[in-house]
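A short write-up of the structure that comes next.
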Protein chains: 2
Amino acid sequence: MDIQLKRGLLDVCVLAAIKNDDSYGYKIIKDMKPYIELSESTLYTILKRLESSQMLTVRMFEYQGRLRKYYHITKQGLKRLDEFNDDWKEMLAIHRFITREEGSNE
Amino acid sequence: MDIQLKRGLLDVCVLAAIKNDDSYGYKIIKDMKPYIELSESTLYTILKRLESSQMLTVRMFEYQGRLRKYYHITKQGLKRLDEFNDDWKEMLAIHRFITREEGSNE
DNA sequence: TGAAATACTTCGCGATACGATGTATATCAT
DNA sequence: ATGATATACATCGTATCGCGAAGTATTTCA
């Protein structure tokens, strides 16, 4: 998948990954992997970004000696996911423009 | 439309805009406008990028005293457009991931 | 005569995905 | 027991890229 195409998708994908259940970094990557891959450095950057824009909240838990940060989606995060549907509609129109056949130019 | 979402779409949109008929900068912007907007500085950067990666070729013409650069899509450009279909399929899967409902997390 | 449209160009900024690298602990095979 | 692999999070620097701002010209039209 083209790297440029991933931008703008990644943020919403991460939000979607914690939409139903709180989750943590490593698990988010594994859950997303079948659909879209991202490196750890990318994910933690995104999580920090989403936190500072109040799309999610963070709570720390100790799990088997290891530290885990659990991410919880906020109302704003859910709103963002909802708004993505509008963007998606635009994407569909753009896709039609890209794949349209001859004769549309005047 | 989110700026990040546009990345990766713009290149193929520009190629799509010259797919059927050679075109020039100002016209490309106007043709794309109903679907996706971009500034002149963005377009000319893209056109230069697509030229140096052999996705299109350029020919200069004088039109009513004004200089016009006509862009013509190459075989590679058409191939790029074709390959976008694969990316689009991945996008559809990602979209399903984003909009899926409860219960997919184990 | 001057504003708006046409047409292309260059520069610098901000956003951001990623590889490289680092720090720890747990688990599992040998 | 020991070493490899998996788990878990963090930081830094680099490259890419869209865009606003500003510039240069000419044509069209009020």
Side-chain angles (χ1 to χ4, degrees), chain A residues 1-15 17-18 22-33 35-53 55-71 80 87 90-91 94, chain B residues 1-15 17-18 22-33 35-53 55-71 80 87 90 94 106:
Chain A
M1 169 89 148
D2 177 50
I3 185 178
Q4 300 306 322
L5 223 37
K6 286 168 76 173
R7 300 174 85 118
L9 249 25
L10 284 178
D11 277 37
V12 271
C13 279
V14 169
L15 287 175
I18 62 167
D22 292 0
S23 189
Y24 55 94
Y26 220 73
K27 184 167 191 298
I28 292 170
I29 287 177
K30 284 207 288 185
D31 288 342
M32 286 175 61
K33 195 151 194 158
Y35 307 97
I36 188 167
E37 291 190 50
L38 78 174
S39 68
E40 291 177 65
S41 58
T42 301
L43 177 66
Y44 290 110
T45 309
I46 290 173
L47 286 169
K48 218 159 264 176
R49 187 162 65 234
L50 291 174
E51 188 193 358
S52 64
S53 56
M55 299 288 172
L56 50 78
T57 54
V58 194
R59 276 178 306 169
M60 310 259 286
F61 281 111
E62 175 116 0
Y63 177 80
Q64 294 181 334
R66 265 193 235 98
L67 188 74
R68 267 191 193 166
K69 294 175 88 168
Y70 281 85
Y71 298 91
R80 175 87 198 286
D87 280 334
E90 285 188 58
M91 302 269 281
I94 291 167
Chain B
M1 170 95 160
D2 176 49
I3 184 177
Q4 300 306 321
L5 222 39
K6 286 169 75 173
R7 298 172 83 121
L9 250 25
L10 285 178
D11 276 38
V12 270
C13 279
V14 169
L15 287 175
I18 62 167
D22 293 359
S23 189
Y24 55 94
Y26 220 73
K27 184 166 189 299
I28 292 170
I29 288 176
K30 284 206 289 184
D31 287 343
M32 288 175 58
K33 194 152 194 159
Y35 307 97
I36 189 167
E37 291 189 50
L38 78 173
S39 68
E40 290 178 68
S41 57
T42 301
L43 177 67
Y44 290 110
T45 308
I46 291 172
L47 287 169
K48 219 159 264 174
R49 187 162 66 233
L50 290 175
E51 189 192 357
S52 64
S53 56
M55 300 287 173
L56 50 78
T57 53
V58 195
R59 278 179 305 170
M60 308 258 287
F61 280 111
E62 175 117 359
Y63 178 81
Q64 294 182 335
R66 263 193 236 99
L67 188 74
R68 268 192 193 166
K69 294 174 89 169
Y70 280 84
Y71 298 91
R80 175 85 197 286
D87 281 334
E90 285 188 57
I94 291 167
E106 269 108 317

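Values below: all heavy atoms of this structure, side chains included; hydrogens, waters and symmetry mates excluded.
The CD-P distance, from B:Glu51 to C:dT9, rounds to 10 Å in whole Å. Rounded to whole Å, atom P of C:dC18 lies 12 Å from atom CG of A:Leu9. Distance CG (B:Leu47) to C1' (D:dC17): 14 Å, rounded to an integer number of Å. A:Asp2 has its CG atom 12 Å from the C1' atom of D:dC17, to the nearest Å. Atom CD of A:Glu62 and atom P of C:dA24 are 15 Å apart (whole Å). To the nearest angstrom, C1' of C:dA15 lies 13 Å from CG of A:Leu10. Per the geometry, CD1 belonging to B:Ile28 stands 12 Å off P belonging to C:dA7, to the nearest Å. Taking atom CE of residue A:Met32 and atom P of nucleotide C:dA17, one finds them 10 Å apart after rounding to whole Å.
Annotation for B:Leu10 and B:Ile46: closest pair CB-CD1, 3.7 Å, computed over non-hydrogen atoms. The minimum heavy-atom distance linking B:Arg80 with B:Met55 is given by the pair CB-SD, 3.8 Å.
Comparing the axis of the opening five pairs of the helix from C:dT1-D:dA30 to C:dT30-D:dA1 with that of the closing five pairs yields an angle of 20°, rounded to 10°.
Between B:Thr42 and B:Ser39, the side chains place a donor N or O and an acceptor N or O closer than 3.5 Å (distance only, hydrogens not considered).
You'll find the side chain of A:Asp87 reaches within 4.5 Å of the side chain of A:Glu90, heavy atoms only. A:Ile28 is listed as a side-chain neighbour of A:Leu47, based on a closest heavy-atom distance under 4.5 Å. Side-chain atoms of A:Met1 and B:Ile94, non-hydrogen and from C-beta on, do get closer than 4.5 Å to each other.
Residues A:Leu38 and A:Gln64 both approach DNA chain C. Their nearest nucleotides, taken by heavy-atom distance, put A:Leu38 toward the 5′ side.
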Reading nucleotides 6-12 of chain D from the 5' end, what letters show protein touch, with B for base, S for backbone sugar-phosphate only, - for no heavy atom under 4.0 Å?
-BBBSB-

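Checking side-chain atoms of B:Lys6 against main-chain N and O of B:Glu37 turns up a donor-acceptor pair under 3.5 Å.
You'll find that the side chain of B:Gln4 is closest to C:dT16, out of D:dC17, C:dG19, C:dT16. Minimum atom distance to the side chain of B:Arg7 is reached by D:dC17, of the listed D:dC17, D:dC19, D:dT28.
A cation-pi arrangement is absent between A:Arg68 and A:Phe61 under the rule of less than 6.0 angstrom and at most 45 degrees off the ring axis.
A salt bridge links A:Asp31 and A:Lys27; the closest N-O separation between the charged side-chain nitrogens and carboxylate oxygens is under 4.0 Å.
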